[in-house]
Protein chains: 2
Amino acid sequence: MPPPNGFLLEDHVGFLLRKAHQRHAAIFQVSAAKAGLTPTQFAALCKTVELGHVTQNLLGRLVAMDPATVQGVVRRLTARGLIARSDDPMDRRTAVLTATEAGLALIGEAVASAQRSHSTALAPLSNEEQRVFLALLHRLV
Amino acid sequence: MPPPNGFLLEDHVGFLLRKAHQRHAAIFQVSAAKAGLTPTQFAALCKTVELGHVTQNLLGRLVAMDPATVQGVVRRLTARGLIARSDDPMDRRTAVLTATEAGLALIGEAVASAQRSHSTALAPLSNEEQRVFLALLHRLV
DNA sequence: CCAGTTTCATTCGAATACGAATGAGCAGCC
DNA sequence: GGCTGCTCATTCGTATTCGAATGAAACTGG
């Protein structure tokens, strides 16, 4: 059976992005084995530390997660004692999130892991190619 | 709280790849609404049509899916009657997959959907930038 | 003040995605 | 033949991811 039309799955941007994302996730998992964080958990913890305190919905928007997704991520980070929830007396709908001491203690190693995974994932490209790739990727998201 | 080190989550390649993948998936879902296929299901069906018949494990390797993942994808495609399973008398471990008439009837529209999602996802870039981006992305996967 | 709208968080269901374990079958080697 | 090791497919558990629905709370216009 010939490939339909002239379509090549291997050149489809969605297929390539899916594989690139998979590959980075695998690299990150190795890099962050000591911290024991997934890329998603790292993003949520990193942004929480950066802001000091943040509502769950705002955190979700900043790290590109659905409210339903961020709920699960926050639940697991809270269960591990890396972030804490508190109430906002001004808005009783919201959950205010803050990094705990354990979360702050972990963020240094976690950031180092992320930097290692960044370098490893981009290693097949030269420095200039990495710069171009990241600039183009920025314009697609 | 200042960002740890000089780390910016927004410039992390994993974070950008995750968002780019999300964005394409959303675009594909709209493009392929008529076909009713997810990007993953499309990849599996497309490769099955291209090869005529393929074992489930080989299909998984060709479309970058874990055996556990491809099992679920094939189960759903089979349930919809788009592909069929048969036995290989030479190797009773394997499941041989073939596209059904319904699968063949759907592939044209599905490929057109994929081509539309490809163009839409890359629309922020010029033709030359698209070429460069895809070439670099190819080298990362 | 109040009715309509919006926002926040949660829950459910469905679909990837992977590690680990399992059972079945095949292949090589002595 | 028998043993060992490998492969194929499945299953379980955990983690993302989103659509849709829900309930509570806040906001907005009159």
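Below, read A as the first sequence line, B as the second, and so on, with proteins coming before strands; counting in each chain starts at 1. Quick caveat, the model's predicted, so the values are computed rather than measured.
- Against DNA chain D, the stretch residues 18-31 of chain B makes heavy-atom approaches under 4.0 Å through B:R18, B:Q22.
- With sequence neighbours excluded, the residues forming a ring-ring contact (aromatic ring centres under 6.0 Å, His included) with B:H118 are A:H12, listed by chain and number.
- Checked against side-chain contact (heavy atoms from CB on, under 4.5 Å), B:A64 has the following partners two or more places apart in sequence or in another chain: A:R18, A:K19, A:Q22.
- Interface residues of residues 57-78 of chain A facing DNA chain C, ordered by number: A:N57, A:R61, A:P67, A:A68, A:Q71; criterion, heavy-atom separation under 4.0 Å.
- Annotation: side-chain contact (heavy atoms from CB on, under 4.5 Å) contacts of B:A32 (sequence neighbours excluded): B:F28, B:S113.
- Closest approach of A:A25 and A:P39 over heavy atoms only: CA-CG, 4.3 Å.
- By the ring-ring contact (aromatic ring centres under 6.0 Å, His included) test, A:F15 is found to be paired with no residue, residues two or more places apart in sequence or in another chain being considered.
- One atom, CG of B:D88, and another, C1' of C:dA24, lie 15 Å apart when rounded to the nearest Å.
- Residues satisfying the salt bridge (Lys or Arg N to Asp or Glu O under 4.0 Å) test with B:D91, not counting sequence neighbours, are B:R93.
- A:L137 belongs to a hydrophobic cluster whose remaining members, ordered by chain and number, are A:V13, A:L16, A:L17, A:L122, A:L125, A:V132, A:F133, A:L134, A:L136, A:L140, A:V141, B:V13, B:L16, B:L17, B:L122, B:L125, B:V132, B:F133, B:L134, B:L136, B:L137, B:L140, B:V141; membership requires side-chain heavy atoms of ILVMFWY residues under 4.5 Å apart, directly or through intermediates.
- Judged by closest nucleotide on DNA chain C, A:T94 is the one of A:T94 and B:T38 placed further toward the 5' end.
- Residues satisfying the side-chain contact (heavy atoms from CB on, under 4.5 Å) criterion with A:R131, sequence neighbours excluded, are A:E128.
- Comparing A:M90 and B:D91 against DNA chain D, the residue whose closest nucleotide sits nearer the 5' end is B:D91.
- Contacts of B:R92 classified as salt bridge (Lys or Arg N to Asp or Glu O under 4.0 Å), with partners at least two apart in sequence or in another chain: none.
- With distances taken from any side-chain atom of A:R93 to the nucleotides C:dA9, C:dT7, C:dA15, the minimum falls on C:dT7.
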Donor-acceptor contacts, no H, no angles, side chain residues 72-89 of chain A, under 3.5 Å, sequence neighbours left out:
from	atom 1	to	atom 2	distance (Å)
A:T78	OG1	A:V74	O	2.7
A:R80	NH1	A:G36	O	2.6
A:R80	NH2	A:A35	O	3.0
A:S86	OG	A:V96	O	3.4
A:D88	OD1	A:M90	N	2.8

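- Think of the region where chain B sits on DNA chain D: with heavy atoms and a 4.0 Å cut, that region ends 5' and 3' at D:dT7 to D:dC18.
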